[in-house]
Amino acid sequence: MIKYYDYAASTPISEEVSLAMKPWEQQNFANPSASHQAAIDASEAIQLAREKIADEIGAMPSEIVFTSGASESNNLAIKGIAFNHLDKKGHIITSSIEHKCVLNACSFLETLGFEITYVSPNSDGVIESSFVKNAIKENTILISIHHINNELGTIQPIEEFGAIAFEHNIPFHTDAAQSFCKVQIDVDDMDIDMLSLSGHKIYGPKGIGALYIRDARDSELVPLIHGGGQEHGLRGGTSPTPLIVGLGCAVETFPSHKSEQHRIFDELINEFDFKRNGGEHLLSTTWNITFSSDEEVKRFFSKHKWLVSQGSACNAMTNTPSHVLTAIGLDENQARRTYRISFPPYRG
Ligand SMILES: *Cc1c(COP(=O)(O)O)cnc(C)c1O
C-alpha cells in the first residue's frame with residue numbers, strides 16, 4: 001500500500017481545522033475591515049486566532065502579522081529590514097543551509113549591493129554560534145538563521161544566536177516553519193525579534209502563515225505589499241478569515257502525542273542498513289537517512305511503497321544534490337542514496 005511519509009513538505013488539513021474554517025467560507029464571508037456586524041464577527045475570529053498563535057510563542061497578539069506562508073514571512077523579514085537600509089546598504093548573516101526562499105531573497109539583495117555571509121554548518125548540520133559571532137561586522141543589519149532544518153531535522157541553537165544578536169544590537173530573525181508547535185519556543189527567552197511560521201506544516205491550510213515581529217506597531221520593516229493598512233500597514237490585502245481561523249485552530253489542536261504510525265519507524269532501524277544524518281539534536285519525526293548501498297535502497301522501496309522525499313521537495317525537480325547534503329559533506333553518490341522520511345508531527 002502506498003503511504004505518505006513526507007509530512008515535512010506538507011500535512012493534510014485536520015478534521016478540526018476543516019470544521020473550524022467552514023462557517024467563514026460561505027456563511028460569514030464579510031470583509032473583516034468593514035464596520036457592520038458581520039465584519040466585526042470576522043475580525044473577532046481573526047483576533048482570537050492571533051491570540052492563540054501569540055500564546056504559542058510567548059508573544060503579544062499585536063506582534064503577529066498574517067502572510068501567505070513562511071516564504072512570504074521570510075521575504076518580509078529579510079527584505080523588510082534591507083529595504084530600510086537602501087541608502088547605505090549593509091551586511092546580513094544567514095546560513096548556507098536555509099530554505100531556498102531565504103537563500104534566494106539574500107542573493108537578490110546581493111544584486112542590490114548588500115553583502116551576505118552564508119555561515120556553513122559542521123558535518124552534523126549544526127550551525128555553530130561561534131561562527132555566527134565571528135561573522136558579525138560593523139555594518140551587520142540582520143542575522144537570519146532557521147530553527148529546525150527542513151531536510152535534516154537538525155535543531156539549531158537559536159537561543160545562542162539570539163543572545164549574540166542581542167549583545168550586538170542586531171535584529172535576529174528565525175525561520176521556524178519546521179519547529180513551530182513541534183518544539184517549545186519563547187521569543188523573549190530566545191531573544192527572537194522576528195519568527196516565520198506556516199499553516200500547512202501543522203495540519204493547517206496552505207496559503208497562510210505569519211511573521212512574529214517584536215513591537216510590530218513601531219516596526220521599521222518596509223512592507224512588501226502596500227495596501228489598505230491591514231496588519232499595521234505591514235501587509236496589505238483583505239484578511240482571509242477562513243485561513244486565519246484555520247491556522248489558529250491548527251495551533252490549538254496540534255497533537256501532543258505520537259501516533260501508531262511512528263512505531264513502524266522504530267522497526268526500520270533493525271531491518272535496513274542506513275545512517276541517520278543531522279547530529280544529535282533532531283526533530284523526532286524527520287529522518288534524513290543515507291542507505292549503505294544502492295541494493296539497500298532497492299530493498300527498502302520494494303518493501304515499502306512510501307512517498308518520501310529525496311533532498312527536499314524544492315530540489316526534486318532539478319536532479320542536483322541538495323545544497324544541504326552538499327554542505328554537510330555528502331558526495332553525489334551518497335546524496336543519491338539519501339532520503340528524507342517524515343512522519344506526522346506532534347508536540348514533543
Ligand atoms: C515549508 C517551509 C518554508 C515555506 O513555507 P510556505 O508556507 O510553504 O511558504 C520555508 N521554510 C521552511 C524551513 C519550510 O520548511
Side-chain angles (χ1 to χ4, degrees), residues 4-13 17 53 57 64-80 94-108 118 121 125-127 144-156 158 161 173-183 185 192 194-212 224-225 235 237 240 243-244 246-248 250-251 254 278 281-283 285-288 308-317 322-325 327-328 340-345:
Y4 179 93
Y5 287 125
D6 196 17
Y7 286 82
S10 198
T11 62
I13 295 182
V17 167
I53 295 159
I57 57 172
I64 303 298
V65 165
F66 289 110
T67 65
S68 64
S71 297
E72 185 187 330
S73 297
N74 288 338
N75 271 272
L76 176 56
I78 296 167
K79 292 181 193 162
T94 186
S95 86
S96 63
I97 55 169
E98 297 299 311
H99 191 272
K100 278 291 167 71
C101 64
V102 170
L103 293 176
N104 286 331
C106 286
S107 66
F108 166 70
Y118 300 91
V126 177
I127 296 146
S144 174
I145 300 177
H146 66 284
H147 190 190
I148 294 185
N149 188 271
N150 56 310
E151 287 189 45
L152 302 171
T154 304
I155 304 171
Q156 306 295 349
I158 55 166
F161 309 151
H173 164 252
T174 192
D175 175 358
Q178 291 290 340
S179 62
F180 178 64
C181 287
K182 300 169 194 170
V183 300
I185 297 173
I192 297 166
M194 293 185 283
L195 177 145
S196 302
L197 60 95
S198 173
H200 73 102
K201 305 284 171 80
I202 57 164
Y203 309 105
K206 293 172 179 59
I208 187 73
L211 180 65
Y212 155 76
L224 302 184
I225 301 178
R235 207 283 193 169
L243 298 179
I244 292 172
L247 177 56
V251 172
F254 192 73
H281 299 289
L282 291 161
L283 186 68
T285 50
T286 297
W287 285 59
N288 187 286
V308 303
S309 137
Q310 203 169 15
S312 76
C314 323
N315 285 318
M317 315 286 274
S322 106
H323 65 289
V324 176
L325 299 182
I328 61 166
R340 179 189 69 187
I341 306 177
S342 48
F343 285 77

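Counting convention: from 1, in listed order, for ligands and their atoms alike. Here the structure is a predicted model, which means the values were calculated and not measured. Computed over heavy atoms, backbone and side chain alike; hydrogens, waters and symmetry mates excluded. Sequence positions, counted from 1, serve as the residue numbers for this chain.
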- Residue pair Tyr118, Leu103: steps toward the side chain to side chain contact (heavy atoms under 4.5 Å, CB included) verdict: CA-CA 9 Å; Tyr118 300 91; Leu103 293 176; 3.8 Å; yes

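Looking only at distances, a side-chain donor or acceptor of Gln156 sits under 3.5 Å from a matching main-chain atom of Gly125. Checked by atom type and distance alone, the side chain of Ser144 never pairs as donor or acceptor with a backbone atom of Thr94 at under 3.5 Å.
Considering only residues two or more places apart in sequence or on other chains, Tyr203 meets the ring pair (Phe, Tyr, Trp, His ring centres under 6.0 Å) condition with Phe254.
Within 4.0 Å of ligand 1, protein heavy atoms belong to Gly69, Ala70, Ser71, His99, Asn150, Asp175, Ala177, Gln178, Ser198, His200, Lys201, listed by chain and number.
Residues Tyr5 and Phe343 place their aromatic rings such that the two centres sit under 6.0 Å apart.
For the residue pair Ser179 and His147, the shortest heavy atom distance occurs at OG-ND1, 2.7 Å.
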